[in-house]
Number of protein chains: 2
Amino acid sequence: MGTGERKRREREEREELMISHAGRLLLRDGFQGLNLDELARAIEYAKGTIYQHFCTKEDLVLAVATRALQLRAELFERAAGFTGRTRERMRAIGVACCQFAVVHPKYFQLDLMLHSQSFWMEASPERRMAHGRMGERCFRVMDTIVRAARDAGDLPSGSDADAVKFSLVAVTMGSHAMALEPEIQRLCRLRDPLEATRRNQDLICDGLGWRPLLTDWDYAATDRRIRAEVFPEAAWLDVAAPGTSEPTPPAGRRRKGGRP
Amino acid sequence: MGTGERKRREREEREELMISHAGRLLLRDGFQGLNLDELARAIEYAKGTIYQHFCTKEDLVLAVATRALQLRAELFERAAGFTGRTRERMRAIGVACCQFAVVHPKYFQLDLMLHSQSFWMEASPERRMAHGRMGERCFRVMDTIVRAARDAGDLPSGSDADAVKFSLVAVTMGSHAMALEPEIQRLCRLRDPLEATRRNQDLICDGLGWRPLLTDWDYAATDRRIRAEVFPEAAWLDVAAPGTSEPTPPAGRRRKGGRP
DNA sequence: TCAATTATTGACTCAGAGTCAAAACGTGGA
DNA sequence: TCCACGTTTTGACTCTGAGTCAATAATTGA
């Protein structure tokens, strides 16, 4: 009979409700501050019902994080529609990352939280796997571009696709994470976190020998095209675009050891 | 009278005891698992006495983190004693970072935890400032080298010292953090986390145009010198040294799209 | 309509961070 | 040596919130 089907759907909708409300509260109060009694009240179900879906608080939060990762994957896939030189296409992914950090800053912080301690231990294997699958979706997009770059000769033929992806992921997450840190902002006199992140991506790409190099191509124009073609909503790109990756000033403008 | 002096010293010794024991428990059980009742029992003081030194659990943990950062600063300062080209000297700092991650892997994870949410809010301003000061110690070492590099013409004259430091910090922390993640290890088929981190540092330096570039210098020899002169205990350097930064294989060895 | 099965509930347990009134200790003066 | 006063230490207590589970409600099939 069809009853079972309806039940399954209702259950799914309720889980959806729980995840989205938990997301809201999580953004507001952080992990420690997320209160399951409050969540239960907000969604008008008993706490026990929440535990019918999620084995622990961590399990619930991981589900929220996976949802966030899904948003990221969707941005990646949109960015993958951009056409141009392979490095331009990877640049579109970089823009997608920044766009994610701009639109969902708190989700980004949540992502950082996962890189710590006992989270994974407290979550169910199913949730862990679901998260892994979403990570794969993101990596697949990058992988396609990296391989295309090698095939096109834009990347040195000896490049290890996995190593290239790792470098890009590491520099991107590291830059975002450090840029969020007030202490680092102070110590590095950081103006624009997004600009700094994108510049670091540029440095890595140049270091990898991914052609065309920063000096050989007008990437500000690329950014304008990315904006126009796949991320019309990325207003922040306008601000960063003019001075992309800090043009080397005419030699001699800076004094040797000086600083204001 | 001299009694006050003795009291101050005793108080300091007790705080020391608390921090070092808290560190032990923290490494064993993580932040969530750290139990102040257990700590009190271990150091044979009442819980109330702990709260005479630290306003919250977070405050205590931040003190432990600052202690860890001190260890890192000491490694940095040792590395600063290395002589050679400016990029070699910065490389010694990179080795120091890896050495820290090798010797105190858990402390490194603790460091990552600080980059999240409400920690700083729950700690006292004094502790926050103490941590900031220790961060400055690390940055000072880097700053000296970066400025020397610019003055020597090893870095382009237009380089912004703060931006260079940010790039290095971001890539290093990001690489370490990502390399610890089992999910990332799987997705990137990561063999040796340390090697990957150091390779990313190399890429950033090359991207910055920090001479001599990877292709123009025998950095494996530099690593041997670093090992001999400042980090004799860094046995892991031996393993990574031979194949530093993945030599480009003779062209044509890899098939185009293939993967086992 | 009703018994059997399944789902939901929220009062309860339990762990552990943080508190504070009472007890212990130290000090200086008689 | 003893006492009175201020300071430090103590651990039983409070309070919050995650996770449980027996009681209750809803659904189903006969």
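Every chain is numbered from 1 and lettered A, B, ... according to where its sequence line falls, protein lines coming before strand lines.
Spacing between atom CG of B:Leu60 and atom P of C:dG18 amounts to 10 Å, rounded to whole angstrom units. One can place CG of A:Asp37 at 13 Å from C1' of D:dT20, the figure rounded to the nearest angstrom. The interatomic distance linking B:Arg41 (CZ) with D:dA12 (C1') rounds to 15 Å, in whole Å. Atom CE of B:Met18 and atom P of D:dT9 are 8 Å apart (whole Å). Look at CG on B:Leu25: it is 13 Å from P on C:dG16, rounded to the nearest Å. Atoms CD1 (B:Ile43) and P (D:dT10) sit 9 Å apart, rounded to a whole Å. Atom C1' of nucleotide D:dA25 and atom OH of A:Tyr45 are separated by 14 Å, given to the nearest angstrom. Separating the NE2 atom of A:His53 from the P atom of C:dT9 is a distance of 10 Å, rounded to the nearest angstrom.
Checking D:dT9, D:dA18, C:dG16 against every side-chain atom of A:Tyr51, the shortest atom distance belongs to D:dA18. Across D:dA18, C:dG18, D:dG11, the shortest atom-to-atom separation from the side chain of B:Ala46 is found for D:dG11. The side chain of A:Asn35 lies closest to D:dA18, out of D:dT10, C:dT9, D:dA18. Distance from the side chain of B:Lys57 is smallest for C:dG18 among the nucleotides C:dT8, D:dT9, C:dG18. Side chain of A:Glu58, nearest nucleotide from C:dT8, D:dG19, C:dG16: D:dG19.
Using a 4.0 Å heavy-atom cutoff across all strands shown, A:Leu39 reaches no nucleic acid atom at all. Heavy atoms of A:Lys47 sit under 4.0 angstrom from at least one base atom. Using a 4.0 Å heavy-atom distance criterion, B:Leu34 is classed as a sugar-phosphate-only contact.
The phosphate of D:dT8 has neither OP1 nor OP2 within less than 4.0 Å of any side-chain N or O from B:Gln52. Side-chain nitrogen and oxygen atoms of B:Thr49 include at least one within less than 4.0 Å of the OP1 or OP2 phosphate oxygen of D:dT10. OP1 or OP2 of C:dT8 sits under 4.0 Å from a side-chain N or O of A:Arg14.
The existence of a salt bridge linking B:Arg72 and B:Asp111 is confirmed by a sub-4.0 Å separation between a basic side-chain nitrogen and an acidic carboxylate oxygen. Between B:Glu16 and B:Arg67, at least one side-chain N (NZ, or NE/NH1/NH2) sits under 4.0 Å from a carboxylate O, which counts as a salt bridge. Salt bridge annotation for A:Glu136-A:Arg133: absent, with no cationic side-chain nitrogen under 4.0 angstrom from a carboxylate oxygen.
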Kindly determine whether A:His131 and A:Arg128 satisfy side-chain hydrogen bond (donor to acceptor under 3.5 Å, both in side chains), including the steps that lead there. CA-CA 5 Å; A:His131 195 85; A:Arg128 285 204 290 261; over 6 Å; no
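Side chain of B:Arg137 to main chain of B:Gln70: no donor-acceptor pair is present (N/O by atom type, distance under 3.5 Å, no hydrogens or angles).
The residue among A:Leu36 and A:Gly48 whose nearest nucleotide of DNA chain D is located toward the 5' end is A:Leu36.
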